[in-house]
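Heads up: the structure comes next, in structure tokens.
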Amino acid sequence: MLRIDQYAYSNRLRFTHPVEKFAFAVITLIIGLAASSLITSLVITLLMAGVVILRAGIPMRFYLKLMSIPMSFLILGVLTIAVSFSGEPFSFLWGVKIWGFTLGVTAGGLQTAVNLFWKSLGAISCLYFLSLTTPMVQIISVLKRLKVPSLFIELMNLIYRYIFVLIETADKVYISQSSRCGYASIKTSYYSMAQLASNLFTKSYHNSQMLYTTLMARCYRGELNVLELPYAFSKKNVALVAFIDLGLVILALWTGGVLSAGGHS
Amino acid sequence: MFFLPEVILEARDIEFEYPDGTKALRGVSMGIPKGKKTAVLGPNGAGKTTIFLHFNGILKPTKGKIRFAGRDICYSHAFLLELRKNVGIVFQDPDTQLFSASVLQEISFGPLNLGLSRENVLRRVNQAMAATEIVELKDRPTHFLSYGQKKLVSIADILAMQPTVLICDEPTAWLDPGNAARIMDLFDRINQEGVTIIFSTHDVDLAYSWADYIFVMNQGLVAGEGIPEEVFQNESLLKEADLNKPWLIDVYDELKRKRWVVADMPPPKTRQELMSRISNSP
């Protein structure tokens, strides 16, 4: 997660207008979820991988590693869809018989599973694109433009900022504990972990009180007003996003069977 | 007198008790000279931070009065905003002060609260970043900064509000000598523009060389005050507040005793001054 955050600030698309990146990710995500064709999902997955690796300059190894994280969940989830259980043995491509019932894979189940697998992977790629190219500060500024209530915006800002303070504090406590053999055995580990948790809680509470004081000292009036960061829209990027997503919509309609005869939905 | 007697911030017999019953201040009276650099010395728990929080209206004294620019401060909303616009505090731990992940947004918070236009705020933010030499950190997220850089951002936070009094709680704590010198240089420049500087420190050498006026606090009281030359010659005061003598004074006293330098001058304020006196001595 911290590596993703680092890449979000160091990738080549960092200074691209956040609305452009957000729109690209979200529109593509919606197309991918709405489309009922395998080809569209495959194209989205490859497209996002291409943009992230070639355009944003994220190392391929890291991206592949990221893509492998949801893989185990995905495979397990998809397996339960592919495998079905029925008293009708003829529709199975492959199966084992148990007391007159058949446990196995049907053609329909397999197709649904494969579709779902790529659809999920496509959706994940869209979200990875957003989180690898767009720092949290930019995402929040887009949400602000979308008129998300300021309470949520301020909470997101504070939580994001203080996650790092919390991690740093936890790290320091952990180091000071382990330098005194706090994690030498299972028993002391449990004890130290409990101490660390309660310590973090009191420290965070103290920090929040101090934060309030420091904000008050700067004329805080109940609203965390900050200057919006300036970004320039690029007509070229907007046109590119429109072109790609239009292409994807046409592809989805074409291969999903809506533009050809009737389709299956 | 060494300094103009005009006082910008004044504490009159301030007593303060924290809700848990700790008596942090037991009748503190202080007059901060306008346009000068004032250092507040004293052991941990002497009440330095507590009196600073009073100067900016964050804490309300149980007894006593704070005066700013010749007026008693009252604790109405409008008055406090006006006071905080003029009296800025840089807190000791930048991690509790910096609330935004973006350096530019962080610095813009204070001036925006003053009700300035966006262009005006942006100009002030840029000025503050230029003054603290952190322009190159503009696009860096706060959590990627080093401690010294965070400290500079926390100072820029307050500078952007353009206060007339800048209070800094232990500005050089945990800093390497390079960064500490950078911050003290910055304070010098701000001071030359007419801003009154108040800072607390445990570093007697720094306070001696750098401050125009010194307050020594101990156990919730002002134990002594004066120009640095006086304060650091006052053996009983130093002993009471558990302070060391600045090395410059120690060395100079020893040189005087051995008659290696001319004795009838006040002690030197800087290392260079001491060196030139040694080389100029007969």
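Quick note: numbers below take in every heavy atom, side chains included, and nothing from hydrogens, waters or symmetry partners. A note on names: the letters A, B, ... follow the listed sequences, proteins ahead of strands, and every chain is numbered from 1.
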[X] atom [atom1], neighbour heavy-atom count above 12 within 6.0 Å:
X	atom1	result
A:Arg61	CZ	no
B:Tyr75	OH	yes
A:Ile186	CD1	no
A:Tyr190	OH	no
A:Met60	CE	no
A:Tyr212	OH	no

If only atom types and distance count, is the side chain of [X] paired as donor or acceptor with the main-chain N or O of [Y] below 3.5 Å?
X	Y	answer
B:Lys151	B:Ala173	no
A:Arg12	A:Arg55	yes
A:Asn11	A:Ala8	yes
B:Arg140	B:Leu145	no

So for [X], is it side chain, backbone, both, or neither that comes closer than 4.5 Å to the heavy atoms of chain A?
X	result
B:Leu59	neither
B:Phe99	both
B:Leu112	side chain

For this session: Answer yes when A:Arg218 and B:Glu106 have at least one side-chain N-carboxylate O distance shorter than 4.0 Å, and no when they do not.
Result: yes
Exercise. Hey, what do you get for CG (A:Asn199) to OG (A:Ser204), rounding to the nearest 0.5 Å?
Worked result: 9.0 Å
Which of the residues [options] is involved in the greatest number of heavy-atom pairs with chain A at under 4.5 angstrom?
options	value
B:His143, B:Arg84, B:Arg118, B:Gln97	B:His143
B:Leu53, B:Thr96, B:Val87	B:Thr96
B:Leu83, B:Asp95, B:Asn56, B:Ile58	B:Asp95
B:Gly110, B:Gly57, B:Ser100	B:Ser100
B:Val125, B:Val90, B:Val121, B:Thr142	B:Thr142
B:Pro163, B:Ser108, B:Pro111	B:Ser108

Exercise. Is A:Arg3 positioned over the aromatic face of A:Phe62, cation under 6.0 angstrom from the ring centre and no more than 45 degrees off axis?
Worked result: yes
Problem set entry | B:Phe187 vs B:Leu166 side-chain heavy atoms within contact, under 4.5 Å | yes
Problem set entry | Inter-chain contacts: residues 220-232 of chain A against chain B, heavy atoms under 4.5 Å | A:Tyr220, A:Arg221, A:Glu223, A:Leu224, A:Asn225, A:Val226, A:Leu227, A:Glu228, A:Leu229
Seminar exercise, completed: Under a 4.5 Å heavy-atom criterion, the part of residues 135-160 of chain A in contact with chain B comprises A:Val137, A:Asn157, A:Leu158, A:Tyr160
